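What follows is a single structure, written as structure tokens, with notes after it.
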Amino acid sequence: MAEQAIPAWKKWLEGIGEQGVFFTRFVRNIFAGGFEWSEFVRQCYEIGYKSFTLVGITSFIMGLVLILQLRPTMVDFGAESMLPRTLSIALIREIGPVITAIICAGKIASSIGAELGSMKVTEQIDAMEVSGANPVQYLVVTRIIATAVMVPLLTMIGDVIGLFGGYIAINLTDDISFYLYFHKCIASIEFIDLIPAFVKTIFFGFAIGFVGCYKGYNSNKGTESVGIAANSAVVTASLWIFVIDAIAVQVTNLLYY
Amino acid sequence: MAEKDDIAVADQSEKVDRNEVVIHIKGLKKSFGDKEVLRDINLDLKRGENVVVLGRSGQGKSVTIQCIAGLLTPDDGELDVFGEPVTEMDEDELKQLRIKLGFLFQSGALYDSMTVRENLEFPLTRVLKLKDQQEIDQRVEEVLEGVGLLDAADKMPSDLSGGMRKRIGLARTLIVKPEIMLYDEPTTGLDPITSREISELILNMQRKFKTSSIIITHDLECAKITADRVLVMNDGEYIAEGSYEELQASDNDFVRSFFNEQK
Ligand SMILES: Nc1ncnc2c1ncn2[C@@H]1O[C@H](COP(=O)(O)OP(=O)(O)OP(=O)(O)O)[C@@H](O)[C@H]1O
Ligand SMILES: [Mg+2]
């Protein structure tokens, strides 16, 4: 194959260019009119339904484990009463968004990549395009916006479940009332903490949808490329999540402190 | 150009200029990597004409029609549809062209997350932007009846047999009544009776709507029924051209062997 002659860095740059083109097509089609509401709602449901259980379980365990791990150290410092506060800050600012996003990368980016990849292989995308319909609008715009909406939502739910896990963990050894626990958790968070955490989950969701769609939509026409699309969607989306997270920290620090 | 009327056309309700060229291809080339698939393709498709393309597997028949529909970009050559060069069209122009162009995929290419009915409604609501549900239902039924699958309307594509999928694919393409039809092996994988029905459906489309078609097939009976003109493709070019009977009697060995081998 002639493609092997192209050096890796050139291919990488080409990939960036292609993603740029794909992104402009996406943006143009958001405002092209005729938003596919029913497909969008269906995607939201699919995404929520697919990831809710896993996000819930993982968040619960995260909250539980974090408290169990933190407790001995905090007790040494005599700062036991700070446990709810520590957990809620860690969970809401960082762990909740990242864990949820990574789970969604595994669940959603891969399934979008595989779904669009197999639509490509079986010529369904070509058929849509050649009929004069708009596959980007129907398939891509709906999915990306659905992930950008659902990942923040799932994160919020995950945060609450995680805090509940922490409550259970504290009650294994101590006795704290449900009301007092959540009061402490919430009191320690300022509204200003919530905004950057929330905004970054929108970006996480966008990255997950975008990468999944890009990989699936541009996969090759062979059966094996469906697997490749799904796999590389997960890897790339996870990478993006950490990059965005790192950028978000910097931006937040610049804005607030 | 449009003045010439001949007798064959005169008795049809809608006057059609049979000499109008709807697809013009000259010197078309396409390679994938080092592999030259289309070497030198030349074809003029006239309005209301059925052209059948025969040729062995992997010769680039599908690639040719994918170029016509703008799914692949040719490397070189002229390619005009309705007098406009496809390669120079922007996204909107291409979309306008595609509304008038029907494409039957070799695989059927049904949208497998949708029922048969939703598949058929898709081009009506998304492309023609029809709103009237009654009209939509009526057209869906009409076209399902045409392919003989009225009772499959509410099934999922995964519940259909290969031949049924193909017929639904055909129905989905015909439902918008395109001016040009590109059929990629419309009868492959179907039983002889259904094959004949599909061939007759293609012929009917031509008669009723003056559709111009390129029909890729390995099915000689389909070619016999539908073809006004037959082209034989080999090594990236058309090596023979003529009516079905002419080619059957050809003195070119390859062409003759093609006709005999499948008899
Ligand atoms: N998108 C593509 N990328 C790379 N190679 C391709 C692509 N599409 C087709 N080819 C190659 O072009 C050649 C011709 O393919 P094409 O599908 O046009 O054959 P065909 O004449 O339609 O055969 P069949 O009768 O089996 O359908 C094949 O060798 C195929 O491997
Ligand atoms: Mg083919």
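In what follows, every chain begins at residue 1, and chains take the letters A, B, ... in the order their sequences are listed. Not measured: the values here are computed from a predicted model.
The contact between A/Glu36 and chain B is made entirely by side chain atoms (from C-beta outward), counting heavy-atom distances below 4.5 Å. Proximity to chain A is limited to the backbone of B/Leu110, based on heavy atoms less than 4.5 angstrom apart.
At most 12 heavy atoms of other shown residues, nucleotides or ligands fall within 6.0 angstrom of atom CZ in A/Phe52.
Of all residues in residues 63-77 of chain B, those placing a non-hydrogen atom less than 4.5 angstrom from a non-hydrogen atom of chain A are B/Gln66, B/Ala69, B/Leu71. For residues 117-133 of chain B, heavy-atom neighbours of chain A at less than 4.5 Å comprise B/Phe122, B/Arg126, B/Val127, sorted by residue number.
Side-chain contact between B/Ile202 and B/Asn50: present, with at least one pair of heavy atoms (C-beta onward) separated by less than 4.5 Å. B/Glu179 places a side-chain heavy atom less than 4.5 Å from the side chain of B/Arg47. A/Val140 has its side chain out of reach of A/Thr142: every pair of non-hydrogen atoms, C-beta onward, lies at least 4.5 Å apart.
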> Going through the checks in order, is the salt bridge (Lys or Arg N to Asp or Glu O under 4.0 Å) test met by A/Glu39 and A/Arg42?
Replying inline: CA-CA 5 Å; A/Glu39 175 68 7; A/Arg42 193 174 78 87; 3.2 Å; yes

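The aromatic rings of A/Phe60 and A/Phe164 sit tilted relative to each other, their planes meeting at an angle between 30° and 60°. Using cut-offs of 30° and 60° on the angle between ring planes, the pair A/Phe40 and A/Trp37 is perpendicular.
Under the 6.0 Å distance and 45° angle rule, A/Lys215 does not count as a cation-pi partner of A/Tyr217. Cation-pi check for B/Arg172 over B/Tyr111 is met; the charged atom lies under 6.0 angstrom from the ring centroid and within 45 degrees of its normal.
The only option from B/Arg139, B/Gln138, B/Glu145 that meets the side chain to side chain contact (heavy atoms under 4.5 Å, CB included) definition with B/Glu142 turns out to be B/Arg139.
Taking chain A as the reference chain and counting heavy-atom pairs below 4.5 Å, the highest number among B/Asp112, B/Ile99, B/Leu182 is found for B/Asp112.
Side-chain N or O atoms of B/Gln59 include none that pairs as donor or acceptor with a backbone N or O of B/Met233 at under 3.5 Å.
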